[in-house]
Amino acid sequence: MGLLKFRIPSPLPEPRVVDLRKSYVTGLDRTPSRLNVEIRKDLLVCQRGTTESGRLFSPWPIEGFGTPFVGTATLGERPEPYPLAIELARGRLNDVRNQLADWKQMGLRISPELEALMSDALRAFTKAATGRDDPATSLASAQSSLVLASEASQALIEAYVGQVLQNRLTTGKLPTQLAISLEGDPATAPWSSKIGTAFNAAQLQCNWKTLAPTEGKHRYEELDAQLVWATRQKLVVQAGPLIDLRSGALPDWIWLWSGDFDAVLGMAIDVVRQTVARYRGKIPVWHLVNRPGSTDILGMSEEDQIRLTARLLQVARQADPAAQFLVGLDRPWAEWMASSSFQLGPLHLGDYLARAELGMAGIALEIAPGYSSPGSHMRDLLDFSRLLDLYALLNFPMYLTFAIPSATGPDPQAESSAQVEKDQWPAPPTEASQAAIAARWIALAVAKPFVRSVAWRQLDDSAPHLYPHAGLIRPDKTPKPLLDWIKSFRSDVLN
């Protein structure tokens, strides 16, 4: 049994205690392992099944940046507790310094202001690490280092995105798809004229629940209408997720078969075969299976969900050999694995499917920071960049789907499973903050050459949806500020 101990400030308010219980540890493969977290007065005690060194990741408040997950440097077991704030400051500073060094070697130009931020962060960390005889001063210095390193991280990403996009645009606008997820019949929707030329692609919504509200009967009217509208708008077409393994996207009648894997598999094969064959040659890219191997659903084990995914890839390839089929992975940082009995995690699941040579053509990642499950805890942009680079090692094109909130509070059309975690954000989300944050995340994604497509998950807040307040159109059918930025970005950067 492995044991890592950390000294924490005491007493902590209850919300901070709840956050610390979400901590997880990663090893060399950067995948969280199962972890038992105890808080004993001023100690955070982490028990795990290995004695190998690892990095602890914990939600930690940073002034101006909310409460993102922050990682320590790689730590080994020792009898004496590590001071958590200092180790988190060390880890954040190391991450930024290492990425800065890597990108400078690749030719990134660094401003004097960024160099000054790095120097100030290092000075504050040195003061924290050498001042442990005065715990209050040491904690304040560690917090200051975290703030300065986070500011440097943001400035580093801005420099990277600006220079990479500038270099890539020298040969013309980029081919990256910027997609919007459609809902209902776009031809009759009042928002159809508002999205105009903001997007060059469309993701047609066609989950199992919509296609088969009644067992044995399939309905394609909405999907037909979306395909006609997208084709007339000359948008590149994607469709799906077709089999989305979350309760709100599955037909009500399927729960009668919960625990009967063979029955569920047979019905999933039927809807995949019929749907893909119906649109053979018309829909070139399918988001086929979403969220496999990340949660308990329909009584299926982790192995069952992987078998389902593999079989459906084979069936879809037979139905349309020319189409491309994607597997979607939610919560890609996999923080949920610290308390889950599942073993693979999204990165290793993607690698397993890739090695199995089942015809998978790409990986789709759902990025929903600052939401409760099935969203992800808040991260900073450098962590997002490192995540994309990690999944790029699978050597598949990447398709990203974003959801970022524009408000807190009740959203009558949202599913109850996801909530805006307002304490994770620097300030309660607003329409202005949605536009500012989404602009940085989308631009970073587009700067990565292996990202084939970026999609906004939700268009209209008045239609039923998963993530609260993540739409581009208000319930009164007027556009939010983010839509104007998307139009401008597409015009300036994308074909």
Side-chain angles (χ1 to χ4, degrees), residues 4 6-10 12-13 15-26 39 42-44 46 54-75 81-101 110 113-132 134-159 333 335 369-370 376-387 421-427 437 440:
L4 287 171
F6 297 88
R7 188 78 61 188
I8 57 177
S10 181
L12 282 177
R16 291 282 305 280
V17 173
V18 171
D19 276 345
L20 285 177
R21 294 190 187 280
K22 301 175 185 176
S23 301
Y24 62 88
V25 175
T26 64
I39 296 178
D42 62 346
L43 281 182
L44 174 70
C46 303
R55 297 187 66 186
L56 178 82
F57 289 82
S58 291
W60 195 261
I62 302 176
E63 186 177 355
F65 295 89
T67 308
F69 263 105
V70 186
T72 67
T74 301
L75 303 174
Y82 291 99
L84 182 56
I86 292 176
E87 294 306 326
L88 292 175
R90 187 198 310 274
R92 172 53 59 91
L93 188 58
N94 280 350
D95 285 344
V96 181
R97 292 177 71 189
N98 290 339
Q99 191 65 77
L100 174 62
I110 302 302
E113 291 78 12
L114 175 53
E115 297 281 9
L117 280 171
M118 292 299 298
S119 296
D120 291 345
L122 179 58
R123 241 187 323 269
F125 170 74
T126 302
K127 185 175 180 181
T130 58
R132 298 184 190 182
D134 184 351
T137 300
S138 178
L139 176 61
S141 298
Q143 289 296 127
S144 177
S145 179
L146 281 166
V147 171
L148 291 164
S150 297
E151 291 175 353
S153 172
Q154 185 165 293
L156 175 60
I157 289 293
E158 289 174 355
W333 282 275
E335 61 265 33
S376 297
H377 198 100
M378 179 61 65
R379 300 308 202 282
D380 81 345
L381 282 169
L382 181 57
D383 284 338
F384 178 46
S385 176
R386 288 161 58 86
L387 177 87
E421 298 284 1
K422 63 179 181 180
D423 292 339
Q424 296 180 17
W425 296 87
I437 294 169
R440 291 194 287 267

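It should be emphasised that the depicted structure is a prediction, and the values quoted were computed from it without experimental measurement.
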Nearest 0.5 angstrom please: [X] [atom1] to [Y] [atom2], how far?
{"X": "Glu87", "Y": "Leu4", "atom1": "CD", "atom2": "CG", "result": "10.5 Å"}
{"X": "Glu63", "Y": "Ser144", "atom1": "CD", "atom2": "OG", "result": "9.5 Å"}
{"X": "Leu75", "Y": "Arg55", "atom1": "CG", "atom2": "CZ", "result": "9.0 Å"}
{"X": "Leu20", "Y": "Ile39", "atom1": "CG", "atom2": "CD1", "result": "5.0 Å"}
{"X": "Ile110", "Y": "Leu156", "atom1": "CD1", "atom2": "CG", "result": "5.5 Å"}
{"X": "Ile86", "Y": "Thr72", "atom1": "CD1", "atom2": "OG1", "result": "13.0 Å"}

Decide yes or no on side-chain contact (heavy atoms from CB on, under 4.5 Å) for Phe384 and Ile157, but give the supporting numbers first. CA-CA 10 Å; Phe384 178 46; Ile157 289 293; over 6 Å; no
Provide the closest heavy-atom pair for [X] versus [Y] in the form atom of the first, atom of the second, distance.
{"X": "Trp333", "Y": "Tyr24", "result": "O-OH, 4.5 Å"}
{"X": "Phe65", "Y": "Pro426", "result": "C-CG, 3.7 Å"}
{"X": "Ala142", "Y": "Ala89", "result": "O-CB, 3.8 Å"}
{"X": "Leu56", "Y": "Ser23", "result": "CD1-CB, 4.0 Å"}
{"X": "Phe69", "Y": "Pro59", "result": "CE2-CD, 3.4 Å"}
{"X": "Ala155", "Y": "Leu114", "result": "CB-CD1, 4.1 Å"}

Considering only NZ, NE, NH1 and NH2 on the basic side and carboxylate oxygens on the acidic side, decide whether Asp19 and Lys22 come within less than 4.0 Å. yes
When you check the gap from the basic side-chain N to the acidic O, do Arg92 and Asp95 get nearer than 4.0 Å? no
Knowing that exactly one of Asp380, Thr67, Leu88, Leu146 qualifies, which makes a side-chain contact (heavy atoms from CB on, under 4.5 Å) with Ile62? Leu146
side-chain contact (heavy atoms from CB on, under 4.5 Å) test vs Leu12 passes for just one of Val18, Val17, Leu44, namely Val17
Do Glu335 and Ser376 have side chains that approach each other closer than 4.5 Å (heavy atoms only, starting at C-beta)? yes
Can you find a heavy atom in the side chain of Asp383 that is under 4.5 Å from one in the side chain of Pro68? no
Hey, is CZ on Arg97 packed in by over 12 heavy atoms from elsewhere, all under 6.0 Å? no
Is the number of heavy atoms from other residues, nucleotides or ligands within 6.0 Å of CD (Glu115) greater than 12? yes
Using modelled atom types and a 3.5 Å cut-off, is there a donor and acceptor pairing between side-chain atoms of [X] and backbone atoms of [Y]?
{"X": "Ser138", "Y": "Asp134", "result": "no"}
{"X": "Gln143", "Y": "Pro61", "result": "yes"}
{"X": "Gln424", "Y": "Met378", "result": "yes"}

Does the side chain of His377 pick up a donor-acceptor pair with the side chain of Glu421 at under 3.5 Å? no
